[in-house]
Amino acid sequence: MSYPFREIETKWQQIWEQNQSYKTPQPSQRPKSYVLEMFPYPSGKLHMGHVRNYAIGDAIARLKRLQGYDVLHPMGWDAFGLPAENAAIQGGVCPEKWTLENIQEMKKQFKMLSISFDWGHELATCLPDYYGQEQKFFLEFYKRGIAYRRESWVNWDPVDHCVLANEQVISGRGWRSGAIVEKRKLMQWSLKITDYAQELLDDLATLTGWPEKVVKMQENWIGRSEGALINFEIEGHPDALSVFTTRPETLFGAAFCAIAPTHPIADKLAQADSKLLTFIEECQRTPTTEEALSTVEKQGYDTGLKVKHPFIEGATLPVYVANFVLMDYGTGAIFACPAHDERDFDFAQKYNLPIRYVVRPLGEAVEVSGVYTGPGVMVNSGFLDGLDVLSARKRAIEELEALGIGQRQITFRLRDWSVSRQRYWGCPIPIIYCDECGIVPVPEKDLPVKLPMDVTFDQTGNPLEYHPTWKHTTCPSCSAKATRETDTLDTFFESSWYFLRFCDPHAEAPINKEAVEHWMQVDAYIGGIEHAVLHLLYSRFFTKALRDCGYISLNEPFKNLLTQGMVCHNSFKSSDGQWLFPHEVTKLSENQYISTKDGQPVMVGRAEKMSKSKKNVVDPKEMIDTYGVDAVRLFVMSDTPPEKDFEWSDEGLEGAWRYLNRLWRVLQTVAENKDRPGQAEASLALRKVAHQTIEKFAQGYERNGFNKVIAFARELTRSLEEACQEATVTGEALMETAKILIMGLNPLIPHLTSEMWEQINNSSNILEAAWPVADPKLATKSEVTIAVQVNGKMRGSFQTAVDSDQESLLHQAKALVTVQRELEGKSIRKTIVVPNRIVNIVV
Ligand code: ANZ
Ligand code: ZN
């Protein structure tokens, strides 16, 4: 008989609901744990990636509760954003209605999965309760200069006459019109994240609970560069050309200067030079991201301007407009040294500019060719000759400073964050424009500025812009006619502080400082690696900015971060090239699949991230209906560490299901035998294994090694099964072991384990039981396995007492037949003995 998962799962879901088992406790003397999975966009449907993400978070939350922590485990909705607006444009539905219905649907699915959220702490970013709060501190940001207005570039769709989000630009074209997207300058609200660049960089060192990879990615994103600012005198021109360089020591190898196509000087020259104007316009049409520019062919236009070389009397350098110079990095202008820079080299070859080597690799007599970017000694460099690169750099900066034409400079790659979006479904920016008074913040008493619900989507552009009344208002300071800001905030704004709001989501102020003090930092934050930079960096920035505004006294929001891998599946293609769902194919043998419908052979693609476009998706609901929640949750946690990609397979799920049935049966057997007599001596072996497993569980959970915990549980299950067959093992020992097993698995398969706990334990509730503590006398291993190598090759192993001395270990190793064979006729040159681990003999 298979275990009756439907009744059990329904029963326990009702009990947990009735008992409010996941309710956040009032602050107490007990330790706290804040467990948070990144909140989802309410698309309406949970997919397998979500299931894995939330199963991981839930295991941690449930574990912490069992271990006696006060746990905050909230959930909410990242509910603003494009999909709702697109649904409105395409299907005529109201974005709010669409979103709220999706939320209800997804909440049901979360409940079906028994993720232990305290729904009393729910929030949705699209409700005025939430976004009205962020309008308050937006104004505080504005007051302090953290929020400001500046002109910046946007993607402009020339056919639809609207601004496009980056994800609406597909291969350089507008997603709806198909028109080639142009760059336009608009006044945009921005946040001064650059003021925090150094602190954001420095505090990475405190994030010891983060994956190294993510720390590295943030470091690169912030991109600190040390170098110099140099002001080149332009011949016959009053202004200087200011450039940023990390290699001022290469100045004697300079061949030209280059400015970005949107540099003010280029702009000015283009007014009198139509060829230059055409060139600039061409550059504008090609993508201008750093990645794109690194592959595009270098193009330049000689402006005819000349700058004076700062160190060489009488020498000048031509000034080009070049497509590989970015306007928004450094000063938007460079000096170029082709011999020692890849891009400058390509450019110089194309435009026949001199390539002068000024760094000679150490110890090389031969002439170098191509680009040399390594260390070395300065040559052909006047007063720098003979110095090594680093000393020369220092020396060159000193000289520039002495001449009054340059100084040491630190530059960050990080840009200020543009938060204006020309969209309807977002948080209105609480600002009013008055002809007389200029920019006027909406007074706090008039907050929240609510989104109007009666909008239409029949015109292109932002519905707030052409709404008949919404934007028209009066000036709060002079009462004249005025207009509202119609831009809304980037949705990353909402997700940059929701973890603070979660501490008290109904507080009157944006942030309840006391609650934040109690619950923050987030002890376990779980989400996808795709958020390694933007979301996680913005959240760190908000935490610091809100601290500076006095809302909190916290430096970093997330203590430990777990970035889970993706859920992958093979893709399938029919003989006529159509993608097929996994349930549309039948497996014949290991690599042979046919279409279930027409029996035609099916091509199998490699396992990759589940995605609707390739149809390699498995519906969680279907799997849960067939195998139950526990089986699905157990499977997605099995075999693979959480940070690695997980490969879904039907066999794997069936394996999890079979294990649950075995577990169910053995626990039934234990329940039937719980009073049976036996001998204490004969029970000792089982008890030892059980207590050792307690320690293994603890270690496994400590490092988020859920797959390991499951493997240990399976081993213990086998021991328990065997012990049930041995009549000499006492019922008491069986019970003790069963309880350890059930407890260890409860965070992973809460329903089955709760039911079994109740059955073998006279109706007690596992949630009130204490996490098991290992008895050191039973848990310490009396024997260990020692591996034996000869010349680094494994030649055998033996069991021996823990902590045996080196001499005894060597003696036992030499006694192995397999080892003796290797040693025959040879003399031992060296022995390496690692107690409790390994003996290596070198002959
Ligand atoms: C002269 C030079 C000589 C440079 C040399 C490099 C090698 P990172 O490390 O990324 O900060 N640069 C400066 N501003 C730029 C801009 N707006 N667009 C494109 N390139 C720019 O790189 C700094 C170097 O990138 C600077 O040092 C500058 O070129 C270039 F042998 O100056 B270098
Ligand atoms: Zn006014």
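Whatever order the structure lists them in is the order used to number ligands and atoms, beginning at 1. Atoms considered below: every heavy atom in the structure, side chains included; atoms not considered: hydrogens, waters and symmetry mates.
- Partners of Lys298 under the salt bridge (Lys or Arg N to Asp or Glu O under 4.0 Å) rule, at least two apart in sequence or in another chain, do not exist in this structure.
- A centroid separation of 6.0 Å or more is found between the aromatic rings of Phe80 and Phe493.
- Remark: Arg408 CZ is loosely packed, at most 12 non-hydrogen atoms of other residues, nucleotides or ligands lying under 6.0 Å away.
- Ligand 1 has a nitrogen or oxygen under 3.5 angstrom from a nitrogen or oxygen of Ser225.
- Heavy-atom separations between Gly330 and ligand 1 are all 4.0 Å or longer.
- Of all the heavy atoms of Val325, the ones lying under 4.0 Å from any atom of ligand 1 are found in both the backbone and the side chain.
- Between Asp344 and ligand 1, no N or O atom pair is found at a separation short of 3.5 Å.
- Residue Arg413 places at least one N or O, backbone or side chain, under 3.5 Å from an N or O of ligand 1.
- Remark: ligand 1 atoms within the under-4.0 Å shell around heavy atoms of Phe244 are 13 (C), 26 (C), 28 (C).
- Comparing Leu251, Ile334, Val358 against atom 14 (N) of ligand 1, the shortest heavy-atom distance belongs to Ile334.
- Atoms of ligand 1 found under 4.0 Å from any heavy atom of Thr246, numbered from 1 in the order shown, are 9 (O), 11 (O), 23 (C), 24 (C), 26 (C), 27 (O).
- Remark: ligand 1 and Met327 share no N or O pair separated by less than 3.5 Å (distance only, no angle test).
- The CE atom of Met187 lies 10.0 Å from the CD atom of Glu485; values are rounded to the nearest 0.5 Å.
- Salt bridge Glu233/Lys308: present, at least one basic N to carboxylate O contact under 4.0 Å.
- Listed by first and then second residue, the salt bridge (Lys or Arg N to Asp or Glu O under 4.0 Å) pairs that reach into residues 531-545 are Glu199-Lys544, Asp203-Lys544, Arg540-Glu556, Lys544-Glu556, sequence neighbours excluded.
- Below 4.0 Å from some heavy atom of Arg343 lie the following atoms of ligand 1, by number and element: 19 (C), 20 (N), 25 (O), 30 (C).
- Using a 4.0 Å cut-off between charged side-chain N and carboxylate O, Arg144 and Glu140 make a salt bridge.
- Aromatic pair Tyr301/Tyr320: centroids not less than 6.0 angstrom apart.
- The side-chain tip of Arg413 does not point at the ring of Trp221 from less than 6.0 angstrom away and within 45° of straight on.
- Contacts between Phe324 and ligand 1 below 4.0 angstrom, taking non-hydrogen atoms only, involve the backbone exclusively.
- Among the atoms of Thr245, some N or O lies under 3.5 angstrom from an N or O of ligand 1.
- Enclosure of atom CD in Glu401 by more than 12 non-hydrogen atoms of other residues, nucleotides or ligands within 6.0 angstrom is indicated.
- Distances shorter than 2.8 Å separate the Zn ion (ligand 2) from the protein N/O/S atoms Cys434 SG, Cys437 SG, Cys475 SG, Cys478 SG.
- A salt bridge is defined here as a Lys NZ or Arg NE, NH1 or NH2 lying under 4.0 Å from an Asp or Glu carboxylate O, and Lys350 with Glu297 meets this definition.
- Applying the salt bridge (Lys or Arg N to Asp or Glu O under 4.0 Å) test to Glu465 and every residue at least two apart in sequence or in another chain returns Lys471.
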